[in-house]
There are 2 protein chains.
Amino acid sequence: MKSFKKMLVDKGISPSMQRIKILEYLSKNRIHPTADDVYRALVKEIPTLSKTTVYNTLKAFTNKGILTALSVFENEVRYEYEQQPHIHFKCLKCGRIYDINEKYDYLNDKYIAGHKVIEHHVNLKGICKNCLEKEKEDE
Amino acid sequence: MKSFKKMLVDKGISPSMQRIKILEYLSKNRIHPTADDVYRALVKEIPTLSKTTVYNTLKAFTNKGILTALSVFENEVRYEYEQQPHIHFKCLKCGRIYDINEKYDYLNDKYIAGHKVIEHHVNLKGICKNCLEKEKEDE
DNA sequence: AACAATTTTGTAATTATTACAAAAGAGTAA
DNA sequence: TTACTCTTTTGTAATAATTACAAAATTGTT
């Protein structure tokens with residue numbers, strides 16, 4: 001597996017310690033964290049870490065296509081490690097965001113009503129499996 | 001056509017002047033406005049209007065299903081007058097949001113990976129027809 | 001070691017939104 | 001009309017996410 005360091009170099013980003021740690025965190029914690037989540041997790045290891053660094057780094061990674069920024073119905077941005085396009089499901093009860101790897105017809109690079117599509121996001125909202133089961137138990 | 005006043009009464013919302021004007025604005029301006037857009041447009045007519053009223057009213061209307069709240073890739077909420085489910089397209093160049101009435105397989109009320117779907121949003125990002133044409137002209 | 005370029009840090013500012021209590025308005029019964 | 005209650009609106013202050021920006025630290029190079 002390609003090291004995070006090498007990955008950054010390949011993308012033309014100089015691999016500082018902070019940047020490597022942030023990338024590593026996103027790769028190992030597939031929980032769609034906010035910038036603040038990333039900061040709170042890493043400041044334990046890097047006590048001098050600054051939020052501005054986190055914001056700058058997440059933005060830079062997103063621009064380079066290393067991460068994807070999500071707006072799943074909330075007014076805070078969440079990030080995820082780049083992977084195959086997939087569906088996001090947000091539970092209205094517990095707030096968790098699930099990845100759903102169902103097939104759908106990607107419109108990326110296609111034209112629709114004359115508009116050129118670059119990104120195609122599918123966001124679902126509802127009650128997740130866990131919460132549905134809990135509801136049943138409570139009956 | 002049902003009056004805005006009657007529409008509110010039917011939904012169990014007492015039809016104050018502010019509420020009627022806000023609903024009327026959303027109905028007549030299908031531009032996916034933010035709360036601030038609504039405020040700035042209406043404060044001309046209603047100089048005493050408060051932003052809190054706008055926020056409260058938009059939230060109440062959304063809860064009653066009169067409006068839909070969108071998070072189309074930005075960290076600000078936009079609102080639209082309730083209508084058939086449709087696709088949203090956000091232009092990366094001009095920032096405009098277009099409604100696209102293409103057919104797609106609505107997952108509402110269905111189950112996917114055991115999760116119950118209540119809302120299904122499709123958000124596209126790209127370059128809109130207008131901006132594509134302008135790009136061509138500039139060549 | 002000295003220098004230049006890059007990166008990180010910390011603080012202040014900005015923006016969207018919410019909390020909350022006082023003021024205003026509307027409806028109703030005496 | 002007046003008194004009373006309930007609802008809605010208003011205005012201000014607080015919160016939360018994000019950005020701006022300049023100083024400090026780090027890195028690589030001569």
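Atoms CG (Leu23(A)) and P (dT7(C)) sit 15 Å apart, rounded to a whole Å. The CG-P distance, from Leu8(B) to dT7(D), rounds to 17 Å in whole Å. Atom CG of Asn56(A) is separated from atom P of dT18(D) by 13 Å (rounded to the nearest Å). Protein atom CD1 of Ile13(B) is 15 Å distant from nucleotide atom C1' of dT9(D), rounded to whole Å. The NZ atom of Lys5(B) sits 13 Å away from the C1' atom of dA26(C) (whole-angstrom rounding). Rounded to whole Å, the distance from CG on Leu49(A) to P on dT7(C) is 16 Å. The distance from atom CZ of Arg19(B) to atom C1' of dA26(C) is 12 Å, rounded to the nearest whole Å. Between Leu58(B) atom CG and dA16(C) atom P the separation is 14 Å, expressed in whole Å.
Along DNA chain D, the nucleotide nearest Ser16(B) and the nucleotide nearest Lys59(A) are compared for position; the residue whose nucleotide lies closer to the 5' end is Ser16(B).
Using a 30° and 60° split on the angle between ring planes, Phe89(A) and Tyr98(A) fall in the perpendicular class, above 60°.
Listed nucleotides dT17(C), dT8(C), dT10(D) differ in distance to Lys51(B); the shortest reach to its side chain belongs to dT17(C). For Ser50(B), the listed nucleotide lying nearest its side chain is dT10(D); candidates were dT8(C), dT10(D), dT9(D).
Note on Thr48(B): only backbone sugar-phosphate atoms sit closer than 4.0 angstrom, heavy atoms only; bases stay farther off. If you check every strand for non-hydrogen atoms under 4.0 Å, Ser14(B) touches sugar and phosphate atoms only. Residue-level contact check: Thr53(A) touches the bases, meaning some heavy atom is under 4.0 Å from a base atom.
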ask   = Can you check side chain to side chain donor-acceptor pair (under 3.5 Å) on Thr34(A) and Asp37(A), steps first, answer last?
value = CA-CA 5 Å; Thr34(A) 62; Asp37(A) 292 335; 3.2 Å; yes
query = Given Ile112(B) and Glu102(A), is the side-chain contact (heavy atoms from CB on, under 4.5 Å) satisfied, shown in steps?
reply = CA-CA 8 Å; Ile112(B) 189 161; Glu102(A) 200 81 5; 3.9 Å; yes
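Under 4.0 angstrom from either OP1 or OP2 of dT17(C) there lies at least one side-chain N or O belonging to Tyr55(B). At dT10(D), none of the side-chain N or O atoms of Thr52(B) fall inside 4.0 Å of OP1 or OP2 (strictly under the cut-off). Between Gln18(B) and dT10(D) there is a side-chain polar atom (N or O) within less than 4.0 angstrom of OP1 or OP2.
Atoms CZ and CG, from Arg19(B) and Leu8(B) in turn, are 8.0 Å apart once rounded to the nearest 0.5 Å.
Panel note: side chain His32(A), backbone Glu80(A); no donor-acceptor pair is recorded below 3.5 Å.
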